[in-house]
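Heads up: the structure comes next, in structure tokens.
Because the structure is predicted, anything quoted here is derived from the model rather than measured.
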Amino acid sequence: MYQTTASLRTAFLEFFGRNGHQITDSSSLVPHNDPTLLFTNAGMNQFKDLFLGQEKRSYTRATTSQRCVRAGGKHNDLDNVGYTARHHTFFEMLGNFSFGDYFKEDAIRLAWAFLTEELKIPKERLCVTVYETDDEAFDIWKDKIGVPVENIIRIGDNKGSQYASDNFWQMGDTGPCGPCTEIFYDHGEHIWGGRPGTPEEDGDRFIEIWNLVFMQYNRQPDGIMVPLPKPSVDTGMGIERIAAILQGGHSNYDIDIFQKLIAKAADVVGTKDLENKSLRVIADHIRSCAFLIADGVMPSNEGRGYVLRRIIRRAVRHGNKLGATDAFFYKLVPTLIEVMGDAASGLKDVQNVVVKSLKAEEEQFARTLERGLNILDTALTELNGKVLDGNTLFKLYDTYGFPVDLTADVCREKDIEVDEAGFDREMSKQKTRAQAAGQFSTDYSSSISLDEATEFTGYELLQDSGTIIKLLKSGEDVSSINEGDEAIIVLEQTPFYAESGGQVGDSGLLTGDEFEFEVKDTQKYGSAFGHIGKLLSGRVTVNTKLTAKVNAYKRQSTQLNHSVTHLLHAALRQVLGTHVSQKGSLVDPDKLRFDFSNFEAVKADELVQVENLVNQQIRLNHKLNSEVMDIDSAKAKGAIALFGEKYDAEVRVVTMGDFSIELCGGTHVGRTGDIGLFKITQESGIAAGVRRIEAVTGNAAIELVNNQQALLTNAASLLKAEPNTVVAKLQAQIDKTKLLEKEITQLKSKLASAASADLVLDAVDLNGIRVLVKKLEGVDAKSLRGLQDELKQKLGSGIIVLGIASESKVNLIAGVSKDLVGIVKAGELVGMVASLVGGKGGGRPDMAQAGGNQPENLDAALAKVLPWISERLA
């Protein structure tokens, strides 16, 4: 019935949708506001704040098919991919969640119903595990579901800690935790392995397909387990594992998605060996690489970009191993989009960017791959023993861009270990620098999480009354603050906008009877808005009523820049193509910064088109409309969602005429005409496939135009021209200057040529060979080569070394006549001299050039020439 993974995905979501769950889109692979995660690695990541009680939504049940990556950080399956049946860098996690709604009985009932009734999996093929002390779950399986007692297995402490069991889950050392129950599928007696809890449990016969986590405790720092007031459920089932069962396979690579990707990979690399494990690696890696790029990650040398680069290079190396000679990896993207079905809708929108990014990275790596592999093969051939040393590992990494795991991958195929400890020693200095550079400045407020919620009234108001519901000083709850204290004030309602979506937080004043608090910034802590600042006068206590007044000028200036980012986004998509999507932004009172996907630099004429389009929409003076609707209606209306943002079921849609429609919770101008003027100040690249536009609006744009006009007027005055003829006059001056420079060079060459006759007279006889060593004055470096040729011709047979010194630079040239290159080589000679003036160089045996940065040593260096030549003539 479910012979495709896409149909299985749909069946799962629709089943839980019918059972009262909100069907929620997969979140980005780049976790939203969660610095503890490198990538989204589980279905519950996007609901973390809900489970912690820091966020409220309109629903208490949800279901997803979440895209996950485990290829770096704590959860890293990269080394196992291709060598096992079920490890992947990318996988989809089917999940259903309850946020204080149903608990154990309904979670178990729904899971069993989906597997045995919806999917028709034979009950006798299933067994379950429960935590050893979870009698409640045991009794539900036995009495409510009817699973035979012998098929319910209690799993307890197997790792030396009460809370380290496979069947007890915890978010961290403290916080939400609870027992699990897992469902296993029996693949049959023909496969070795035993049930969980037996000595043979590591075999492949019994495979876990679904894990149900019951969050019912809050673990305290002292280890005490306090029952949660609203226990919750978090479940996860790997779609690849269940698809393998339904499609009659055992390995995940037997399913339709991988079979089609493997066939395509075999075709593009030119092999007929469909069982080759390298094809599995390529098929797996195209999924993680393509979806990571679609979610805004680009290959780089640090962080997430470095992990992506490692995965791409591993895939390319396996393709090379299969015989691929040209770029091939990017050719799998269309097939990936086809086999992933609805799950690839976002990928399809940016297909062009993904393809170009993969191809560029592959071609870049191909330039060094062959040489690096040759060096590695040589090292392995000459290896004494079974361990590759850390020095070679480091050389491959540092010089050829070979990640250690790529080298380890090659070595594993040859049954050779790698000296990672030795590599770490070689890398220690770079790692120390990298770690120092990667430290972000933090303050006490960065780790604050609050249960309170603040109502935002700032869409309509810049001043409002409010009541203090929490005070924090140095990150700790306090009941009062005094004059001079720096603190965070949380109000039950506020007109202050808290930083999000690229828009900076508001500043202003909180005032009351005999106190004044200066708000320097406003930040979100879950659903609470924190007003960060300093108490200028008086004393403040919790429950105090006050007046909150936003800095109107800062808010208005910020709104101009925020509203124009919507127009800019739409204009870029119209001029460059619909592949353009926002990858980040910064909106403050002075300027805006807008990052977007585009593989090439935006051409000057395209920037003009974009700027003109935006200003046209400003002049049309559209009224900005905002309305709240459900997420599906917003998407149907054509609203664009912003990269990395997390949206509730109810969203705010901001519309500007028929030109721009986006999901946005920020504040905006009343009409586009309020923006006044839009001027782009810079376009640049910040990563592969990501460009940045910086711009100004309103008064700042007018000031920019005035400054540019003043510069133009000044330039016209200096050129004695009218402003509208500055370019033509300047070009004429440039042409004239180039002509004069050419004439000067020719004159210097003639002077040098004339001087060569005199220079020949300075040659000395050294054992019958004429040698000319000279430091030149007033000679252009560009004339050295021509002068050397003339001197060599006049000498007939001989050796020449010439040097020029400037304030901070040395230029050298050496010439050896053809009859003497067997005795003295120009490259060795000039290299010796260069080493004495802080430089290096080389060239042909008869002519070589060099440079240096120690002109003060030139005389001494030239004095070494005759002794050096004498040694070779001896």
Side-chain angles (χ1 to χ4, degrees), residues 12-13 15-17 19-27 31-32 34 36-37 39-57 59-68 70 74-75 91-115 128-131 134 136-137 140-141 155 163-184 208-219 225-239 241-242 449 526 646:
F12 180 88
L13 296 175
F15 173 84
F16 282 98
N19 283 277
H21 293 67
Q22 175 70 41
I23 299 175
T24 307
D25 288 341
S26 170
S27 63
H32 176 82
D34 192 344
T36 66
L37 287 176
F39 299 115
T40 297
N41 58 25
M44 64 81 63
N45 290 163
Q46 68 166 299
F47 303 116
K48 183 177 178 180
D49 288 347
L50 279 170
F51 285 125
L52 291 173
Q54 297 173 1
E55 181 184 351
K56 300 292 188 292
R57 297 192 188 178
Y59 50 84
T60 56
R61 301 182 177 196
T63 184
T64 63
S65 178
Q66 175 64 51
R67 298 186 296 273
C68 302
R70 291 185 179 176
K74 179 181 177 182
H75 298 288
F91 61 95
E92 288 184 84
M93 186 68 82
L94 301 172
N96 59 285
F97 310 89
S98 164
F99 314 112
D101 190 328
Y102 62 81
F103 199 45
K104 292 183 184 180
E105 182 173 343
D106 283 342
I108 290 173
R109 177 182 56 79
L110 287 168
W112 193 256
F114 180 72
L115 292 175
V128 300
T129 65
V130 297
Y131 186 55
D134 192 359
E136 182 184 4
I140 293 170
W141 281 117
I155 299 293
Y163 308 113
S165 168
D166 285 341
N167 277 62
F168 195 96
W169 177 91
Q170 58 190 40
M171 189 174 289
D173 293 335
T174 61
C177 58
C180 311
T181 184
E182 299 171 321
I183 304 174
F184 285 74
E208 176 200 336
I209 57 174
W210 208 339
N211 185 17
L212 283 64
V213 177
F214 305 127
M215 287 187 235
Q216 63 184 106
Y217 303 111
N218 188 8
R219 189 180 182 201
M225 313 287 282
V226 178
L228 289 170
K230 292 185 177 181
S232 299
V233 173
D234 159 25
T235 84
M237 175 165 61
I239 196 171
R241 293 190 180 193
I242 194 69
S449 59
K646 181 169 60 174

Arg70 side-chain N/O to Asn41 backbone N/O, donor-acceptor pair under 3.5 Å |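 Pair found, side chain donor or acceptor close to backbone of Asn41.
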
With no hydrogens and no angle check, is any side-chain donor or acceptor of Gln66 less than 3.5 Å from a backbone partner on Ser27?
->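 Such a contact is found between Gln66 side chain and Ser27 backbone.
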
Give, for atom [atom1] of [X] and atom [atom2] of [Y], the distance between the pair rounded to the nearest 0.5 Å.
X: Leu94; Y: Arg241; atom1: CG; atom2: CZ; answer: 12.5 Å
X: Cys180; Y: Asp234; atom1: SG; atom2: CG; answer: 8.5 Å
X: Phe103; Y: Leu228; atom1: CZ; atom2: CG; answer: 8.5 Å

Closest non-hydrogen atom pair between [X] and [Y], with its separation:
X: Cys177; Y: Met225; result: SG-CE, 3.3 Å
X: Leu13; Y: Ile23; result: O-CD1, 3.5 Å
X: Thr40; Y: Pro31; result: N-CG, 3.6 Å
X: Gly238; Y: Met93; result: N-SD, 3.8 Å
X: Gly100; Y: Ser232; result: N-OG, 3.2 Å
X: Thr181; Y: Thr129; result: OG1-O, 2.6 Å

For Phe97, the option from Val233, Leu50, Thr64, Thr63 that meets side-chain contact (heavy atoms from CB on, under 4.5 Å) | Thr64

Could you label the plane-to-plane angle of the Phe47 and Phe99 rings as parallel, tilted or perpendicular, counting under 30° as parallel and over 60° as perpendicular?
->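 Tilted: the ring planes of Phe47 and Phe99 meet at 30° to 60°.
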
Flag yes if more than 12 heavy atoms outside Tyr217 fall under 6.0 Å of its OH atom; otherwise flag no.
-> no

With the side chain counted from C-beta on, respond yes when [X] and [Y] share a heavy-atom pair under 4.5 Å apart, and no when they do not.
X: Tyr59; Y: Thr24; answer: yes
X: Ile183; Y: Trp141; answer: yes
X: Pro231; Y: Phe214; answer: no
X: Met215; Y: Trp169; answer: yes
X: Gln216; Y: Pro179; answer: yes

Does the ring center of His21 lie less than 6.0 Å from the ring center of Phe12?
-> no

Please test Ile209 against Leu115 for side chain to side chain contact (heavy atoms under 4.5 Å, CB included), starting from the C-alpha separation and ending with a verdict.
-> CA-CA 10 Å; Ile209 57 174; Leu115 292 175; 4.1 Å; yes

Only counting residues at least two apart or in another chain, list the ones meeting salt bridge (charged side-chain N to carboxylate O under 4.0 Å, His left out) with Arg61.
->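 For Arg61, the residues satisfying salt bridge (charged side-chain N to carboxylate O under 4.0 Å, His left out) (neighbours in sequence not counted) are Asp101.
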
Partner residues of Glu136 under the salt bridge (charged side-chain N to carboxylate O under 4.0 Å, His left out) criterion, sequence neighbours left out = Lys104

Stepwise side chain to side chain donor-acceptor pair (under 3.5 Å) test for Asn19 and Tyr102 | CA-CA 11 Å; Asn19 283 277; Tyr102 62 81; over 6 Å; no

Can Leu110 and Phe15 be said to form a side chain to side chain contact (heavy atoms under 4.5 Å, CB included), step by step?
-> CA-CA 9 Å; Leu110 287 168; Phe15 173 84; 4.2 Å; yes

